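Worksheet: one structure, shown below.
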Amino acid sequence: MNTLAVEGKLRPVNPATLEPVGVVPVTEDVAYVAAGAAAAQSSWARSSFDERRVLLERVAEVLVARMDEIAATVTAETGKPIVEAYTTELMLGVEQVAWLAKNIERVLAPERIRYGIPYLAHKRARIVYQPVGVVAVITPWNFPFSIPLSQVAGAVAAGNAVVLKPSELTPLSGEWVARVFAEAGAPPSLVSVVHGAGETGAALVQAPDVAKVVFTGSVETGRRIATAAAGLLRPVILELGGKDPMLVLRDADLERAVEGAAWGSFANCGQVCVGIERIYVARDLHARFVDALVERARALRIGRGYSPDTELVPLITERQRDRVEDLVAEALERGSEALTGARRPDVELPGWFYEPTVLAGGDPDARLEQEEVFGPVVSVLPFDDEDEAVRLANGTSFALGASIWSRDASRARALALRIDAGMVWTNDLGISYGAGPAPWGGRKDSGFGLTHSKHGLYELSSVKLVDSDSGRVRVPWWYPYGPRAVDGFKGVLELRHGEDGLRGAWAHRRGLAHLAKRYVQQ
Ligand code: NAD
């Protein structure tokens with residue numbers, strides 16, 4: 001591991017150079033921090049939409065003013081290419097904040113509803129969206145700024161306070177999230193950070209003041225958190241791992257598909273929850289696609305993330321590289337062929353580098369084909385028809401994202417409906433993470449619940465019905481009961497939903513007359 005909570009300190013290191021990046025003290029009393037957040041939340045809950053909008057607009061401005069420092073911290077802690085620090089961390093994050101600022105009132109303002117039932121026509125009803133309280137946001141290291149930023153911003157926009165627990169590998173990037181909120185003028189303790197490894201996260205899930213947990217990370221940790229939260233009946237959102245398929249149809253733009261495959265498989269060294277791990281290509285295109293992808297993979301520039309030219313960076317930890325090497329070794333034993341990569345590159349840096357790797361064929365039950373690899377490794381297989389492509393795409397326990405590559409938009413849209421995934425992109429992938437109206441989330445082992453969009457905001461709200469009755473209409477289904485009431489309600493059912501409508505209700509006219517009399521009686 002490159003960071004351990006040793007002697008009460010986290011010591012993140014740069015995975016390319018193994019140089020230390022900083023020292024962060026582990027939080028001792030997580031429940032105390034959550035209690036402070038609860039106190040801050042009680043006044044923030046009463047903030048107006050305007051106050052929330054102003055804060056979020058300011059957050060966006062501070063973020064841009066500080067972008068170079070934030071990008072440098074992210075690249076130092078993760079090793080990721082500096083270009084990706086600006087695109088997948090700052091750009092995606094700030095777009096979410098800006099969308100929230102513009103749309104929070106539209107989405108969360110009280111909503112008048114009509115019941116649409118004639119005998120309830122005298123009622124007025126509204127849905128109101130209230131904050132849930134303190135939201136615990138527990139996040140991974142692979143997008144150590146954009147994930148916590150967008151989740152924290154969503155929670156704050158909905159009137160909540162947040163306690164963020166960033167990954168122990170990237171504490172300084174997480175610290176930036178609280179810092180931009182503080183510099184933007186957020187009230188003290190509205191956004192707090194607790195630092196530490198799994199025990200700190202576990203303590204946060206259990207902290208008495210936490211109302212809801214938003215977790216992003218591995219399936220294994222997600223399962224642990226869901227189990228702990230179940231004992232407390234504490235709601236959770238789980239954004240877990242993926243094993244995204246890419247389907248390249250016969251009519252795909254080959255060059256674009258190859259570029260997309262290379263970026264989707266190797267950006268952030270393949271450590272992307274919606275990274276492409278499996279490619280299924282129409283048999284006619286398969287050979288040309290594979291040759292071009294191998295060539296593209298070999299041309300990627302490997303190095304330290306600070307250099308603007310760097311395209312492929314190291315894995316986050318030695319342990320993660322060991323795991324990738326084990327999975328590749330097992331796949332090769334089970335019949336896969338390494339078309340390129342499958343070894344450590346010759347670089348002058350001590351970090352945990354691994355060559356971009358393209359595998360062909362192989363046993364569909366190999367661990368590499370079923371488990372999330374989370375490294376610069378992709379396997380490519382041909383398919384003969386769309387049914388087979390769908391069967392292969394849906395053939396793992398994950399259902400996060402998927403992409404379809406075709407020139408025929410309607411064909412791709414139809415196919416998207418058959419794929420087990422929370423998000424399906426056509427001729428692209430992943431970028432909707434920055435789009436405010438786009439929900440984010442998966443199914444099966446990829447988790448449940450949504451972040452981003454109006455759906456994510458509803459998840460961070462307590463959705464309450466406020467029903468106002470004029471109080472002037474007597475309620476016929478209250479006491480007293482009797483045979484005429486039974487007859488009358490049978491008439492109501494016939495009238496409203498029976499096959500014969502009015503004719504069916506006619507047999508119950510006496511009961512209906514009885515109810516009508518009671519209904520209008522003041
Ligand atoms: P991880 O599960 O090891 O850790 C995630 C976070 O959980 C860290 O902050 C960690 O300290 C904390 N944690 C660990 N044990 C805990 C416990 N018992 N209780 C509470 N918190 C605990 O995951 P990781 O290695 O940091 O991240 C990689 C994983 O995240 C991959 O599987 C990836 O696919 C997934 N991911 C998913 C999404 C998504 O949107 N679905 C996005 C990014 C990453």
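Just follow the structure's listing: the first ligand is 1, and inside any ligand the first atom is 1. Note: hydrogens, waters and symmetry copies are ignored here, and every other heavy atom, side chains too, is used. Source: prediction; values computed, not measured.
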Value for CZ (Phe353) from CG (Leu315), rounded to nearest 0.5 Å, stands at 9.5 Å
min-distance protein heavy atom vs atom 41 (N) of ligand 1 -> Leu240 O, 2.7 Å
among protein heavy atoms, the one nearest atom 19 (N) of ligand 1 is Ala202 N, 3.3 Å
In this structure, does ligand 1 have an atom that sits under 4.0 Å from one of the heavy atoms of Ala228?
no
Per-atom filter on ligand 1: closer than 4.0 angstrom to a heavy atom of Ile147 are 42 (C), 43 (C)
* Judged by non-hydrogen atoms, does Ala197 sit under 4.0 Å from ligand 1? -> yes
Quick look: Leu204 vs ligand 1, heavy-atom contacts under 4.0 Å, and the answer is neither
In sequence, state the C-alpha distance, the side-chain angles, and the governing distance for Ser379 and Glu369, and then conclude on side-chain hydrogen bond (donor to acceptor under 3.5 Å, both in side chains).
CA-CA 8 Å; Ser379 63; Glu369 300 293 340; 3.0 Å; yes
A student checking ligand 1 against Ile138 at a 4.0 Å heavy-atom cut-off should list atoms 6 (C), 7 (O), 9 (O), 12 (C), 21 (N)
Phe215: heavy atom below 4.0 Å from ligand 1, yes or no?
yes
among protein heavy atoms, the one nearest atom 9 (O) of ligand 1 is Thr139 O, 2.8 Å
In terms of heavy-atom contacts, does CD of Glu28 have more than 12 from other residues, nucleotides or ligands at under 6.0 Å? no
On the 0 to 90° scale, with breaks at 30° and 60°, tag the Tyr129-Tyr458 ring pair as parallel, tilted or perpendicular. parallel
Logged contact type for Val272 with ligand 1, heavy-atom cut-off 4.0 Å, is neither
Aromatic ring proximity, centroids under 6.0 angstrom, Trp176 and Phe145 | no
One finds that the ligand 1 atoms under 4.0 Å from a non-hydrogen atom of Ile225 are 19 (N), 20 (C), 21 (N)
Closest to atom 21 (N) of ligand 1 among protein heavy atoms sits Gly201 CA, 3.5 Å
Query - Salt-bridge present (Arg223, Asp445; N to O < 4.0 Å) - result: yes
**Item:** Test of proximity, Trp141 against ligand 1: N or O pairs below 3.5 Å
**Value:** yes
Looking only at protein heavy atoms, what sits closest to atom 27 (O) of ligand 1 is Pro140 CB, 3.1 Å
So with a 6.0 Å cut-off around NZ of Lys444, is the heavy-atom count from everything else above 12? yes
Check: His452/Gln96 side-chain N/O donor and acceptor closer than 3.5 Å = yes
of all protein heavy atoms, closest to atom 40 (O) of ligand 1 is Trp440 NE1, 2.8 Å
Q.
For a ring pair (Phe, Tyr, Trp, His ring centres under 6.0 Å) check, start with the C-alpha distance between Tyr433 and Trp99, then their side-chain angles and the critical distance, and finish with the verdict.
A. CA-CA 12 Å; Tyr433 195 85; Trp99 182 83; over 10 Å; no
One finds that the ligand 1 atoms under 4.0 Å from a non-hydrogen atom of Thr221 are 1 (P), 2 (O), 3 (O), 7 (O), 13 (N), 14 (C), 15 (N), 16 (C), 17 (C), 22 (C)
Looking only at protein heavy atoms, what sits closest to atom 18 (N) of ligand 1 is Arg224 CD, 4.0 Å
Near Leu400 (heavy-atom distance under 4.0 Å), the atoms of ligand 1 are 41 (N)
Looking only at side-chain N and O atoms, does Tyr86 offer a donor or acceptor that is under 3.5 Å from a partner on Asp68? yes
Notebook entry, point to check: Can Lys80 and Glu84 be said to form a salt bridge (charged side-chain N to carboxylate O under 4.0 Å, His left out), step by step?
Noted result: CA-CA 7 Å; Lys80 78 171 55 187; Glu84 292 178 23; 5.4 Å; no
**Asked** Going by an N to O cut-off under 4.0 Å, is there a salt bridge joining Arg304 and Glu19?
**Response** no
- So is there a nitrogen or oxygen of Asn142 less than 3.5 Å from a nitrogen or oxygen in ligand 1? no
Under 4.0 Å from one or more heavy atoms of Lys165, ligand 1 contributes atoms 8 (C), 9 (O), 10 (C), 11 (O)
For Ser446, is at least one N or O under 3.5 Å away from an N or O on ligand 1? no
Problem set entry | Side-chain donor-acceptor pair present, Thr451, Glu239, cut-off under 3.5 Å | yes
Atom 33 (C) of ligand 1 sits nearest the protein heavy atom Phe374 CZ, 3.4 Å
Counting from 1 in the order shown, the ligand 1 atoms closer than 4.0 Å to a non-hydrogen atom of Pro166 are 9 (O)
Output for pair (Asp326 CG, Glu330 CD), nearest 0.5 Å, gives 9.0 Å
For Glu168, the ligand 1 atoms with a heavy-atom partner under 4.0 Å come out as 8 (C), 10 (C), 11 (O)
Checking heavy atoms under 4.0 Å, the part of Glu372 that sits near ligand 1 is side chain
In this structure, CG of Leu368 is separated from OG1 of Thr357 (nearest 0.5 Å) by 9.5 Å
